[in-house]
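Here's the structure, in C-alpha cells; my notes come after.
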Amino acid sequence: MRLTDFPLRTFKEVPSEAEVISHQLMLRAGLIRRLASGLYNWLPLGLRVLQKVEAIIRDEMNRAGALEVVMPVVQPAELWQESGRWEEYGPELLRLKDRHDRAFCLGPTHEEVITDIARNELSSYRQLPVNYYQIQTKFRDEIRPRFGVMRAREFVMKDAYSFHLDQESLLEGYAAMRAAYDNIFRRLQLDFRIVQADPGAIGGNRSEEFHVLAESGEDAIAYCEADGYSANVETVAIDTDDVSRAEPTADLELIDTPNVRTIDELSKFLDVPAGHCLKTLLVAGEQAPAVALLLCGHHELNRIKTEALPGVARPLRMLRGAEVEAATGCEPGFVGPKDLDVPLFVDAAAASLSDFVCGANAPDKHYRGANWERDLPLPDVVDMRNAVAGDPSPAGGGRLEIARGIEVGHIFQLGSKYSEAMEARVLDKDGKACEMQMGCYGIGVTRVVAAAIEQNNDERGILWPDAIAPFDVVLIPINLDKSYRVREAADSLYAELQQAGLDTLYDDRNQRPGVKFAEADLIGIPHRLVIAEKSWDNGQIEYKSRREADAEMISVDGVVDFLSKRRMP
RNA sequence: CGGGGCAUGGCGCAGUCUGGUAGCGCAUCUGCUUUGGGAGCAGAGGGUCGGCGGUUCGAAUCCGUCUGCCCCGACCA
C-alpha cells in the first residue's frame with residue numbers, strides 16, 4: 001500500500017476520552033474512532049488487524065472441523081422466550097420492535113438461534129457431532145462501556161456451538177475446541193492462561209476462560225505455581241472447615257466513632273487493620289427484606305457464592321440507605337451483627353476473628369473487642385468472599401497468587417440447557433428421540449486486538465506481533481522527491497516485496513524522515529526498511545526491527561530472504 | 001442506577017469566578033526554505049462556544065432545564 005493512497009490520520013496528543021494504553025494507541029494510530037458510547041468505527045488500518053485475527057481464528061476453526069455460518073444480528077423474541085432468557089437476561093439485552101409491533105432483540109449471543117438451526121437441520125445421530133461457528137457482530141447494552149473496544153457495546157465475536165449425541169462426545173468436542181483455542185492464541189503470539197471459570201448467564205456445567213495477561217485486565221486470576229491450579233478468582237472455593245479463633249483477650253467496649261462509616265475510615269480512626277474490622281453488608285432477601293452478610297473488612301463479597309446462599313434474593317442486590325434503616329433501625333455505616341434481627345451469614349475468615357471491631361447499630365457507635373459466642377452468637381459459617389493472594393490453593397499444592405487478565409475466550413459445556421428448553425432432538429440408534437448435548441465456544445475478536453496492544457507497546461507506540469500486524473514491513477525512502485535514484489530504488493523494492501507476498505506499507509509521501517519514523521513506530525509495523533541514496537549506491541539498505549533498539553545494514557539483494565527469516569512463523 | 005467531573009474548530013486546551021462582538025498549540029490548505037526521529041518562515045480556511053428557555057442594552061461567561069460524554073462505585077460474556 002502506498003501511503004499517498006491511504007489516508008492516515010495520527011495524533012501526537014492523547015485523546016482525553018482514553019484511559020488505558022490500548023485505547024489511547026488505537027485512537028492515536030488511527031485504528032478506530034468512537035461513534036457513540038461503546039460504538040466504534042474501524043478504520044482501514046484497524047480493520048486490517050481485525051481481519052488478520054479473524055483469518056487465524058477461521059483457519060483453526062476450519063482445521064478443527066467446524067462449519068462456518070452467519071446468523072442475523074436481530075433475533076425474534078419468541079426464541080428467547082422459548083429458552084427463558086427473554087426474562088432472565090436483563091437490561092443488557094437490547095429489545096426493539098419492528099413496524100408491526102413484533103418484539104426482537106439485538107443478539108448478545110446466539111445459543112437460541114443456533115439451537116433453532118440445529119433442531120431444524122439435524123434429525124439423526126448419524127449427523128453428529130456437528131460444530132457450527134460464525135464471526136459476527138454482537139450487541140450487549142453494557143451499563144458502562146469503557147476502555148475502547150475492550151468493553152464496547154457492539155463488538156465482533158467468534159462464537160461456535162457444537163452438538164453431540166451424548167456427554168462423551170461433548171467432552172471430545174470440548175477438548176478439541178480447547179486445543180484449537182490453544183493453537184489460536186499461540187498463533188496470535190499472545191501471552192495467555194487458561195483458567196477455570198463460572199458459566200454465568202450462558203448456563204451449563206464446566207467452563208474455562210482464556211485470559212491474556214495484562215496489568216489493565218478487568219479480571220483477577222488466581223493461580224498456584226506449585227500445583228498448576230488457575231481459576232478466575234470469582235470461582236475459587238475457600239475451605240470453611242478450618243475456622244479457628246484465638247481466645248478473647250479484650251473486653252467488649254462500646255466506643256464513639258463520630259461520622260466513621262466506612263471500613264477504611266474505621267481502620268484509620270482506631271488504628272486497627274481493616275482485616276480486624278467486621279464488614280456488615282445488607283442485601284435483599286428472598287422472603288425477608290434483608291439478609292446480613294459478615295466479612296472481614298479487607299475481603300470482597302463474591303456475587304456467585306452469595307447468590308447460592310439460602311434466603312438471599314437473586315439477582316443479588318445491595319440494600320439502599322433507607323432500606324438498611326428500615327431493616328436494622330440504624331443508618332448504614334454503623335450496622336453490626338450484635339442484637340441484629342435479620343438472617344445472618346458469616347464468612348469463614350470473619351468467623352475466625354477474635355477481639356474484632358464491628359458496628360453497634362447506633363449512630364456514631366462501634367464495638368471494640370467483640371468476640372463470637374462470648375458477646376454474640378456465631379451465625380452460619382459460609383464461603384462468600386473472593387480469594388486473595390495467600391489463600392490456600394484448592395488443588396492443595398500451596399498458596400495462591402493473583403494476576404490480572406483480559407478475558408478473550410470462553411468455552412462451555414452447556415449440556416442440554418437449550419436443547420431441552422427448545423426441544424432440539426435427534427433419533428439415536430434405537431430410534432429414540434434424545435436431546436442433543438451442546439458446547440459453546442466464544443472469542444472476543446475485537447477485544448483480542450486491544451489485548452494484543454495492552455501486551456505489546458512501548459513509549460513510541462504499538463509493537464504488533466508479526467501474525468496480526470496491519471503490514472509486515474514499512475518501506476521508508478529518504479528524500480525520494482529529490483533523488484531520482486531513491487525513488488526508482490524504492491519503487492522497484494516495493495514491487496519486489498509485494499511480489500514476495502509481504503504486506504508492505506510504502507511511505508512515498510514527501511515528508512521529513514522524522515515524521516515517517518515516528519508514524520511507523522506509532523502504528524507498530526514490525527519491520528522497517530530505509531532506503532537512502534548513499535547506502536543504496538553501495539548495494540546496502542537499512543533494516544530495523546520495531547522491537548530492537550538498533551538498525552543494521554543489509555544487502556539489497558537478499559532483502560526478501562532476510563525478511564522471511566526475521567519474521568516469526 | 002448512586003457519587004464526582006466535563007462539554008469552546010478534526011485533536012489537546014485557555015477564556016467562565018469579575019458579561020462587552022472567541023483565542024493558543026497540534027492538525028489542514030498555499031508559497032518559499034528544509035529533509036535520518038513528529039521542521040522553519042509567511043499567509044489562509046475552519047467554531048450557531050452541546051440543545052432549549054430565561055435575565056440583560058449586550059451571554060461562551062449569570063439562572064433554569066434537557067442532552068451527550070468521561071471517571072469512581074454498583075453491575076457485567
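Just so we're on the same page: letters track the sequence lines, and every chain starts at 1.
- Heavy atoms of other residues, nucleotides or ligands lying less than 6.0 angstrom from CD of A/Glu265 number more than 12.
- Shown here is A/Glu300, whose CD atom has no more than 12 heavy atoms of other residues, nucleotides or ligands within 6.0 Å.
- Shown here, B/G2 forms a base pair with B/C72; the pair counts as Watson-Crick or G-U wobble because both key distances fall under 3.5 Å.
- Near RNA chain B, defined here as any heavy-atom distance below 4.0 Å, there are no residues from residues 210-222 of chain A.
- Separation of the P atoms belonging to B/U67 and B/A39 is 45 Å when rounded to the nearest angstrom.
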Candidate pair A/Phe210 and A/Tyr181, rule ring-ring contact (aromatic ring centres under 6.0 Å, His included), full reasoning: CA-CA 8 Å; A/Phe210 288 70; A/Tyr181 272 41; 5.2 Å; yes
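- B/G51 and B/C69: their C1' atoms are spaced 15 Å apart (whole Å).
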Contact letters for nucleotides 2-11 of chain B, in which S counts primed atoms plus P, OP1 and OP2 and B counts the base, heavy atoms under 4.0 Å: --------BB
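- For the C1' atoms, the distance linking B/U8 with B/G3 amounts to 27 Å, nearest Å.
- Taking the P atom of each, B/C11 and B/A27 are spaced 15 Å apart, rounded to whole Å.
- Atom name C1', nucleotides B/A59 and B/G64: the rounded distance is 14 Å, in whole Å.
- For A/Arg528 against B/G37, a side-chain-to-base donor-acceptor contact under 3.5 Å is present.
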Derivation of the side chain to side chain donor-acceptor pair (under 3.5 Å) call for A/Ser162 and A/Tyr441: CA-CA 8 Å; A/Ser162 66; A/Tyr441 320 92; 2.7 Å; yes
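- Although no hydrogens or angles enter the test, the distance criterion places a donor-acceptor pair under 3.5 Å between the side chain of A/Arg404 and the main chain of A/Gly217.
- Here the separation of B/G9 from B/A14, taken at their P atoms, is 13 Å to the nearest Å.
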Verdict with reasoning, A/Arg485 to A/Asp537, per side chain to side chain contact (heavy atoms under 4.5 Å, CB included): CA-CA 9 Å; A/Arg485 274 176 298 158; A/Asp537 289 343; 2.5 Å; yes
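- Here A/Lys482 lies in heavy-atom contact (under 4.0 Å) with a base.
- A/Arg33 comes within 4.0 angstrom of nothing in the nucleic acid, heavy atoms only.
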Audit row: A/Arg95, A/Tyr89, side chain to side chain donor-acceptor pair (under 3.5 Å) steps and yes/no: CA-CA 11 Å; A/Arg95 295 149 217 254; A/Tyr89 214 96; over 6 Å; no
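- For the segment residues 442-449 of chain A, residues with any heavy atom less than 4.0 angstrom from an atom of RNA chain B are, sorted by number, A/Gly444, A/Arg447.
- Here B/A39 sits opposite B/U33 as a Watson-Crick or G-U wobble pair (both hydrogen-bonding atom distances under 3.5 Å).
- Of the candidates A/Glu218, A/Glu19, A/Glu17, A/Glu218 is the only one forming a salt bridge (Lys or Arg N to Asp or Glu O under 4.0 Å) with A/Arg146.
- Rounded to the nearest 0.5 angstrom, A/Arg178 CZ and A/Ile194 CD1 are separated by 4.0 Å.
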Salt bridge (charged side-chain N to carboxylate O under 4.0 Å, His left out) assessment of A/Lys305 paired with A/Glu234: CA-CA 8 Å; A/Lys305 295 175 182 177; A/Glu234 63 185 22; over 6 Å; no
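- With P as the reference atom, B/A7 and B/C26 are 23 Å apart, rounded to whole Å.
- Residue contacts for A/Glu407: at a heavy-atom cut-off of 4.0 Å it reaches a base atom on one of the strands shown.
- Note on A/Thr10: every side-chain N or O is 4.0 Å or more away from OP1 and OP2 of B/G38.
- Listed by chain and number, the residues in a salt bridge (charged side-chain N to carboxylate O under 4.0 Å, His left out) with A/Glu68 are A/Arg58 (sequence neighbours excluded).
- Pairing for B/G12 goes to B/C24, judged as Watson-Crick or G-U wobble with the two contacts each under 3.5 Å.
- Donor-acceptor pairing under 3.5 Å is lacking for the side chains of A/Tyr161 and A/His110.
- A/Glu519 comes within contact range of at least one nucleobase, with a heavy-atom separation under 4.0 Å.
- As judged by a 4.0 angstrom heavy-atom cut-off over every strand, A/Arg28 is placed among the base-contacting residues.
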A/Ser483/A/Glu533 under side chain to side chain donor-acceptor pair (under 3.5 Å): CA gap, chis, key distance, verdict: CA-CA 7 Å; A/Ser483 165; A/Glu533 202 170 60; 2.6 Å; yes
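- When both pairing distances are held under 3.5 Å, B/C17 makes no Watson-Crick or G-U pair with any nucleotide shown.
- B/G54 and B/G15 have their P atoms separated by 29 Å, given to the nearest Å.
- Heavy atoms of A/Leu27 sit nowhere under 4.0 angstrom from any nucleic acid atom.
- Of the candidate nucleotides B/C69, B/C71, B/G36, B/C71 has the atom lying nearest to any side-chain atom of A/Arg146.
- With rounding to the nearest 0.5 Å, the separation of CH2 in A/Trp536 from CD in A/Glu488 is 9.5 Å.
- When both pairing distances are held under 3.5 Å, B/U55 makes no Watson-Crick or G-U pair with any nucleotide shown.
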Test side chain to side chain donor-acceptor pair (under 3.5 Å) applied to A/Asp491 and A/Tyr506, step by step: CA-CA 9 Å; A/Asp491 282 352; A/Tyr506 176 16; 2.7 Å; yes
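- Near RNA chain B, meaning a heavy atom under 4.0 Å away, the residues from residues 504-512 of chain A are A/Gln511, A/Arg512.
- Of the residues in residues 529-539 of chain A, A/Val530, A/Ala532 come within less than 4.0 Å of RNA chain B through at least one heavy atom, sorted by number.
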